[in-house]
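Working notes, beginning with the structure itself.
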Number of protein chains: 2
Amino acid sequence: MIRIVLVDDHPVVRAGLRALIEGQEDLVVVGEADGLEQALSVVAAEPPDVVLMDLSLGTDSAGGAEVTAALRALESPPEVLVLTTYDTESDILRALEAGARGYLLKDAPPEQLFGGIRATARGETVLAPSVAATLVRRTTPGASTVTDREVEVLELLSRGLGNKEMARELFVSEATVKSHLSHIYTKLGVDTRAGAVAVAIERRIIRA
Amino acid sequence: MIRIVLVDDHPVVRAGLRALIEGQEDLVVVGEADGLEQALSVVAAEPPDVVLMDLSLGTDSAGGAEVTAALRALESPPEVLVLTTYDTESDILRALEAGARGYLLKDAPPEQLFGGIRATARGETVLAPSVAATLVRRTTPGASTVTDREVEVLELLSRGLGNKEMARELFVSEATVKSHLSHIYTKLGVDTRAGAVAVAIERRIIRA
DNA sequence: CCCGGCATCAACCGATCGGCTATCCATCCG
DNA sequence: CGGATGGATAGCCGATCGGTTGATGCCGGG
């Protein structure tokens, strides 16, 4: 019997996942949480084998990546399987760096979800195809790779910030931001900020 | 027995909603769809009383608003209850203009969902509290109201477009765009484009 | 050890943005 | 019938922004 805890801020999704999972003989949901605190207390009270983690947990709570990191920092940490809507480079990297064992998308068919949970419980790594593709493309040498810092700039850019504001946000000078932007332009093959945002979204470097 | 069709591009959410709903004596799911075509054929094959509609249906398909409009254009149209994640002014307005009867958020408790479905089947209007608040604020006289056109500009702005690009996108002259922007600045109490985007997101006029 | 990638920064210059004033037209409403 | 509102447009001008180029320091790999 694989013990599962759900972490998602949507009651509908939680209840839905619970209903789906409990239709499986070998899976049982032992708890639900909608944020960091609940997740910690539930996991402590009913130690699960696998935690199903949503990444976007509403604005008030910590993000799923932080919650994942917090859970993985426990003495005997549960395996974490991320189940979310977005498959952008930054989301994936953050989650995996936080210690997630797998990364599935919410538009996956239920069978894939069940299989993923079982594989995660066995300690295997589970990645949705598009997620795997993103990671491969990232480590492919030839492809022009956007650096972490540049991704940060792209995210701010997509929020419509000006150079000065980005500089303030990143604690660097405006000149540095401009430099990052120039590099981004060459790497993405564009020459304007709007174009950069478009391509970055297109290539799933950031999310819309 | 209230007959329901689910329209959502996430299998997990669809299956989850189905499981939840079928736990209710008086509700039955008679079909699921993940986009416009499926929705039309399913509704034709198994005429429902209520359609539960997600607004963001993946990039390839039409949006939930268009699907809603298409369904409401049928001879004997089903009632449409929007069930989505976002409660921005533009989303709400688009959905209601398309003929949706109600608007609930996915973070609503299941009970509210069931009640909403029953009310919708009776032809009543169902709005989540925050949605109602947004609508009220919009029709409140004193508050500086951003016009529809200005919202369009704000959305383009949040995508990082320049004035010239917005002008092209909206089929107007650059002067017009600037004029809209000036009005937006005064109404939102800011003096930069990035600031306008920030306040617009903050006030839920557009979504991040 | 030296090269390359990454992050940082400075100075320069042209494009643009922002703010202003003013006009025109359609629609809606009392 | 006015009057108000929303939308579209023009022209102006100075401040600022955005983009390029070039240069520095740091770190890790070959």
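So you know, we letter chains A, B, ... as the sequences are listed, proteins then strands, and number each from 1. When reading the values below, keep in mind they use all heavy atoms of this one structure, side chains included, and skip hydrogens, waters and symmetry mates.
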Has the side chain of [X] got a donor or acceptor atom that lies under 3.5 Å from a matching backbone atom of [Y]?
| X | Y | result |
| --- | --- | --- |
| Arg14(B) | Asp8(B) | yes |
| Thr176(A) | Val172(A) | no |
| Asp107(B) | His10(A) | no |
| Glu155(B) | Glu152(B) | no |

(request) With Leu52(B) as reference, evaluate Val29(B), Val80(B), Ile21(B) under the side chain to side chain contact (heavy atoms under 4.5 Å, CB included) test and give the passing residue. (result)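 For Leu52(B), the side chain to side chain contact (heavy atoms under 4.5 Å, CB included) check succeeds only for Ile21(B).
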
(request) Let me have a per-nucleotide readout for nucleotides 5-12 of chain D, 5' to 3', with B, S or -, counting only protein heavy atoms under 4.0 Å. (result) -SSSBB-B

(request) May I ask you to check whether Asn163(A) and Arg193(A) show a side-chain donor-acceptor distance below 3.5 Å? (result)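 Judged by distance alone, the side chains do pair up.
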
(message) Checking side-chain polar atoms at under 3.5 Å, does Glu150(B) have a donor or acceptor matched by the opposite partner on Thr147(B)?
(response)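 On atom types as modelled, these side chains qualify, holding a pair under 3.5 Å.
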
(message) Using five pairs at each end of the helix from dC1(C)-dG30(D) to dG30(C)-dC1(D) to define an axis, what is the angle between those two axes, to 10°?
(response)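 Rounded value for the end-axis angle: 40°.
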
(message) Heavy-atom count check: over 12 atoms from other residues, nucleotides or ligands less than 6.0 Å from Glu202(B) CD?
(response)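 Count not over threshold, so no.
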
(request) Please work out if Asn163(A) contacts a base, only the sugar-phosphate, or nothing of the nucleic acid, heavy-atom cut-off 4.0 Å. (result)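 Base: the residue Asn163(A), judged by heavy atoms under 4.0 Å, touches a nucleobase.
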
(message) Ignoring hydrogens, what is the shortest heavy-atom contact between Tyr86(B) and Asp91(B)? Give both atom names and the distance.
(response)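 Answer, listing the atom of Tyr86(B) first, then Asp91(B): CB-OD2, 3.6 Å.
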
(request) Kindly give the heavy-atom pair with the smallest separation between Val7(A) and Val51(A), and that separation in Å. (result)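 Closest pair (atom of Val7(A), atom of Val51(A), distance): CG2-CG1, 3.7 Å.
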
(request) Using the heavy-atom set of chain B and a strict 4.0 Å cut-off, write down the first and last nucleotide of DNA chain C that makes it in, 5' to 3'. (result)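 In short, chain B contacts DNA chain C from dT16(C) to dG19(C).
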
